[in-house]
Amino acid sequence: MTWVVAIGNSEQFIQVSDRRLTDQSGEVIDDESNKAIIMLCENARLAIGFTGLARTGTFCTREWLLNTLNAAGPPEFAAKEIVERVGEMATREFSRNPLLSGLPKQAKRLTVMLAGYLYHHDPPLGALAIISNYFDVDSGELSPEAWDTFKVYLRQELRPSLSEPVLPFVIGAEPRVNKRLIAELVSLTERKKPAGAIVEKIVELFAAASSDPLLGDIIGDQLNIVVNPRDLKSPVITEYRSSVIRREAYLPDQAYVCKDRHLNISNIRIEPIDPSTPPMSGPKLHAKQPCWCHSGKKYKDCHGSKKKMGVCFIVSPTKKEVRNE
């Protein structure tokens with residue numbers, strides 16, 4: 001069971017999810033399974049992550065979720081209605097699909113989180129939604145078995161407010177969350193620190209969780225990072241992080257759930273053809289070590305710089321562009 005961490009303020013929402021799949025015994029079966037989606041609809045731009053059931057037989061949660069998001073769009077193509085319909089469709093799917101209905105209830109647990117901004121408010125309103133069949137957001141309790149229905153929980157920033165709005169949330173493995181790191185993360189977000197600094201604190205949180213012996217190997221080191229600015233004219237920036245040197249990069253899926261654009265883009269992978277091209281991602285090093293990309297620079301001045309976002313995939317309402325920074 002993966003982790004998904006999201007936190008937002010009046011400038012940006014940041015979501016980080018790991019890419020590890022484990023079986024019911026906790027054994028690692030895949031370290032490169034994407035659980036991140038960027039969705040654009042008529043009144044919102046949201047980062048989406050999920051945790052829990054990822055695959056069983058020919059059923060793939062990521063593919064089902066992409067298709068369900070678009071199926072839930074009409075007629076309004078608006079965020080709240082999409083979220084509510086996805087919850088209803090999930091309940092039907094998990095009760096009627098023979099690949100799912102016969103599973104033990106513990107294996108059927110699934111939580112989906114959507115975080116970003118609603119644009120029918122001025123200025124855009126930070127919002128977060130949880131769709132789950134085992135996580136009671138109101139009480140914070142995690143059921144050991146899946147419920148028969150999916151419940152939808154909606155949260156948004158309070159207005160008017162005298163303080164900076166901060167919406168932090170973690171879904172996934174049993175909540176052994178490092179309280180010190182969470183407090184530091186919230187403080188950085190409240191003070192509107194740059195996205196790079198907030199990202200590094202979340203990465204540190206994942207590193208602490210992945211090395212926690214009580215969690216075993218259920219949280220991985222390969223990460224997808226999404227930085228979603230509040231300004232709709234500013235593109236979403238995503239980054240792939242790897243604990244080993246990798247020539248390729250894996251990026252989040254995209255769902256366009258709009259009246260004039262109704263499509264999904266999935267299984268996005270970037271791999272250079274030229275074998276002399278430097279690696280795209282690699283592990284964290286000591287500040288003065290040579291960077292793994294062979295640039296000749298120290299790690300702190302290259303891919304270890306908080307100003308550098310690595311491999312980025314730019315998503316906006318009007319254009320898509322791939323670039324390697």
Side-chain angles (χ1 to χ4, degrees), residues 3-19 36 38 45-47 49 113 115-117 123-124 126 128 157 161 163-172 177-211 219-231 234-243 249 251-252 280-289 291-293 295 297-315 323-325:
W3 250 17
V4 184
V5 176
I7 191 164
N9 57 19
S10 61
E11 294 185 346
Q12 69 225 341
F13 252 99
I14 297 173
Q15 175 189 284
V16 180
S17 55
D18 78 321
R19 297 174 57 86
I38 301 165
R45 188 169 65 181
L46 306 168
M113 178 165 62
Y117 296 96
L128 185 145
E157 66 176 272
S161 176
S163 60
E164 175 67 17
V166 176
L167 293 171
F169 220 85
V170 180
I171 61 170
V177 180
N178 187 305
K179 294 182 179 179
R180 175 186 62 82
L181 292 177
I182 287 290
E184 293 174 359
L185 175 60
V186 170
S187 176
L188 289 172
T189 308
E190 286 177 334
R191 291 181 285 142
K192 295 185 178 181
K193 291 298 182 179
I198 298 173
V199 165
E200 292 305 323
K201 187 58 63 177
I202 300 177
V203 171
E204 187 179 347
L205 185 67
F206 269 84
S210 67
S211 62
I219 297 176
D221 298 316
Q222 316 294 89
L223 306 175
N224 277 120
I225 298 163
V226 178
V227 180
N228 181 13
R230 186 174 75 169
D231 183 359
S234 298
V236 175
I237 300 176
T238 84
E239 181 187 2
Y240 165 75
R241 288 285 183 97
S242 173
S243 61
L251 306 177
M280 288 189 168
S281 190
K284 184 175 182 178
L285 303 176
H286 293 298
K288 295 184 179 180
Q289 285 184 280
C291 189
W292 39 256
C293 73
S295 64
K297 298 179 181 179
K298 295 178 181 178
Y299 179 68
K300 67 176 182 178
D301 299 322
C302 196
H303 281 83
S305 169
K306 290 183 179 180
K307 296 180 180 179
K308 194 167 185 71
M309 286 296 294
V311 179
C312 300
F313 191 75
I314 309 301
V315 182
R323 77 167 182 243
N324 184 11
E325 292 188 341

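From a predicted model like this one, the values you see are computed outputs, not experimental measurements.
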side-chain hydrogen bond (donor to acceptor under 3.5 Å, both in side chains) partners of Arg19, counting only residues at least two apart: Glu32, Asn224
Heavy-atom closest contact (Lys201 atom, Glu184 atom, distance): NZ-OE1, 2.7 Å
Exam field: side chain Ser187 to backbone Ala183, donor-acceptor pair closer than 3.5 Å: no
Lys297: side-chain hydrogen bond (donor to acceptor under 3.5 Å, both in side chains) partners, not counting sequence neighbours: none
CD1 on Ile198 to CD1 on Ile14, rounded to 0.5 Å: 4.5 Å
N/O donor-acceptor pair under 3.5 Å between Tyr117 side chain and Gln12 backbone: yes
Trp3: which of Val16, Ile219, Ile171 passes side-chain contact (heavy atoms from CB on, under 4.5 Å): Ile219
Exercise: identify the closest heavy-atom pair between Ala47 and Val226: CB-CG1, 4.0 Å
Aromatic plane relationship, Trp292 with His303 - under 30° parallel, 30 to 60° tilted, over 60° perpendicular: tilted
Main-chain N/O of Ser281 paired to Ser242 side chain as donor or acceptor, under 3.5 Å: no
From CA spacing to verdict: salt bridge (Lys or Arg N to Asp or Glu O under 4.0 Å), Glu200, Arg241: CA-CA 11 Å; Glu200 292 305 323; Arg241 288 285 183 97; 2.4 Å; yes
Minimum heavy-atom distance between Ala287 and Lys298, given as atom pair plus value: O-CB, 3.8 Å
Residues Asp221 and Ser210: side-chain donor-acceptor under 3.5 angstrom: yes
Donor-acceptor contact below 3.5 Å, side chain Glu164 vs main chain Ser10: yes
Which atom of Val186 lies closest to which atom of Pro168, heavy atoms considered: CG2-CG, 4.2 Å
Check: Glu11 side chain, Arg230 main-chain N or O, donor-acceptor pair, under 3.5 Å: no
Under the side-chain hydrogen bond (donor to acceptor under 3.5 Å, both in side chains) test, residues paired with Ser295 that sit two or more places apart: none
